[in-house]
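One structure is given below, encoded as structure tokens.
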There are 2 protein chains.
Amino acid sequence: MATPLYQAKAEFFRTLGHPVRIRVLELLSEQDHAVHELLAAIAVEPSNLSQQLAVLRRAGLVRQSREGGQVVYSVSVPEVRELLVVARRILVGVLEEQSVLKQELTPESSP
Amino acid sequence: MATPLYQAKAEFFRTLGHPVRIRVLELLSEQDHAVHELLAAIAVEPSNLSQQLAVLRRAGLVRQSREGGQVVYSVSVPEVRELLVVARRILVGVLEEQSVLKQELTPESSP
DNA sequence: ACTGTACTTGAAGATGTTTGCAAGTGACGA
DNA sequence: TCGTCACTTGCAAACATCTTCAAGTACAGT
């Protein structure tokens, strides 16, 4: 292995670090979708979506397959769903904690 | 909530997308550490480490506390450990798959 | 008060990422 | 064959991140 593991991990997280790519993975972890379906759901320029799909493809997280006139994508690693769930849990925890902190710093409550 | 959830998620993953920050979280998820300890383990300029710690702090993933002459950090969300474990699993899966694919494309094996 | 150790901060150049446009490919039906 | 829909690619400007240096704060020991 040329790159140390922690570097590979960082790269992996970096490929998840984009709103469009997150949305794509969320949609694909529900079920496979053609590009025009993703496009209808995400509201982004086709070329941009294509670029982001290419990033996910290069990272080996999704798979592409032509079906007639359209191109269908699917997640190639099912655990991605699990990762997104854990991430949401952490995120909610952090956000809650931050808002609690904010309340403690602004003494303007208690009726 | 001002930012949509998928954007917050992307930002969250982006803060994990750096080798030094990954190493820090790995070390801190084992046990708390003072900055000079992290520094000894990671091999990076002090100021750089400090910057990365600040990023993790702003994201609410770690907590800082002064203890005498030194500053001790700890993870503030225990699930981070779980996330790193799931991430490693996915990563190993992807890397394996890619190397299998590479073997299939280079027909130079089988004794 | 002075020196040293432990960290943090600000700023700026280098480096990487994102975005949208224009152009290109592939499959299908008229 | 021609037009059209579905996608992808290359490229350059706009934007964000990373790294390092120099300077600054905080505390402990002398």
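Labels below follow one simple rule: chain letters A, B, ... track the order of the sequence lines, proteins then strands, and each chain is numbered from 1.
Looking at B:Glu37, its side chain does come within 3.5 Å of a backbone N or O of B:Ala34 through a donor-acceptor pair. Of the possible polar contacts, none joining the A:Thr15 side chain to the A:Ala59 backbone as a donor-acceptor pair under 3.5 Å is found. Here the side chain of A:Arg81 pairs a donor or acceptor atom with the backbone of A:Ser29 at under 3.5 angstrom.
Atom CD1 in B:Ile42 sits roughly 16 Å away from atom C1' in D:dT19 (whole-Å rounding). We find that CD of B:Glu45 is positioned 15 Å from C1' of C:dA11, with the value rounded to whole Å. One interatomic measurement links the two molecules: CG of B:Leu16 to P of D:dC18, which rounds to 12 Å at whole-angstrom precision. Counting to the nearest Å, the P atom of C:dG20 and the CG atom of A:Leu39 are 12 Å from each other. Look at CD on A:Gln64: it is 12 Å from P on C:dA27, rounded to the nearest Å. When the P atom of C:dT9 is taken as reference, atom CG of B:Leu53 falls 10 Å away, rounded to whole Å.
Atom-to-atom distance recorded for A:Leu91:CG and A:Leu84:CG is 11.5 Å, nearest 0.5 angstrom. If you take CG on B:Leu61 and CZ on B:Phe12, they are separated by 5.5 Å, rounding to the nearest 0.5 Å.
Residue B:Tyr73 places no side-chain N or O under 4.0 Å from the OP1 or OP2 atom of C:dA6. Look at A:Gln52 and you'll find a side-chain N or O under 4.0 angstrom from OP1 or OP2 of C:dT19. Under 4.0 angstrom from either OP1 or OP2 of C:dC28 there lies no side-chain N or O belonging to A:Gln70.
Residues meeting the salt bridge (charged side-chain N to carboxylate O under 4.0 Å, His left out) test with B:Arg88, sequence neighbours left out: none.
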Can you tabulate the close N/O pairs, meaning under 3.5 Å, that link protein atoms to atoms of nucleotides 24-26 of chain C?
none

Protein and nucleotides 9-11 of chain D: nitrogen or oxygen contacts under 3.5 angstrom:
unit_1	atom_1	unit_2	atom_2	d
D:dT9	OP2	A:Arg57	NH2	3.3
D:dG10	O6	A:Gln51	NE2	3.4
D:dC11	N4	A:Gln51	NE2	3.3

Close N or O pairs between protein and nucleotides 13-17 of chain D (under 3.5 Å):
unit_1	atom_1	unit_2	atom_2	d
D:dT17	OP1	B:Arg14	NH1	3.1

Query raised in the report: Could you walk me through whether B:Val44 and B:Leu38 pass the side-chain contact (heavy atoms from CB on, under 4.5 Å) check?
Result: CA-CA 9 Å; B:Val44 67; B:Leu38 296 173; over 6 Å; no

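The pair B:Arg89-A:Glu82 meets the salt-bridge criterion, since a charged nitrogen lies less than 4.0 angstrom from a carboxylate oxygen. The pair B:Glu26-A:Lys9 meets the salt-bridge criterion, with a side-chain N (NZ, NE, NH1 or NH2) lying under 4.0 Å from an Asp/Glu carboxylate O.
Looking only at side-chain heavy atoms (C-beta outward), B:Val72 and B:His33 stay at 4.5 Å or farther from each other. With contacts defined as side-chain heavy-atom distances shorter than 4.5 Å, the pair A:Leu53/A:Val71 does not qualify. Side-chain contact between B:Phe13 and A:Leu83 is present, with heavy atoms from C-beta onward closer than 4.5 Å.
In the hydrophobic clustering of ILVMFWY residues, with side-chain heavy atoms under 4.5 Å counting as a link, B:Val80 and B:Val55 come out apart.
Heavy-atom distances under 4.0 Å link DNA chain D to no residue of residues 26-37 of chain B.
Here A:Glu67 lies out of heavy-atom contact (under 4.0 Å) with every strand.
The side chain to side chain donor-acceptor pair (under 3.5 Å) pairs that include a residue from residues 51-60 of chain A are A:Arg21-A:Gln52, A:Asn48-A:Gln52, A:Arg57-A:Tyr73, where partners are two or more places apart or lie in different chains.
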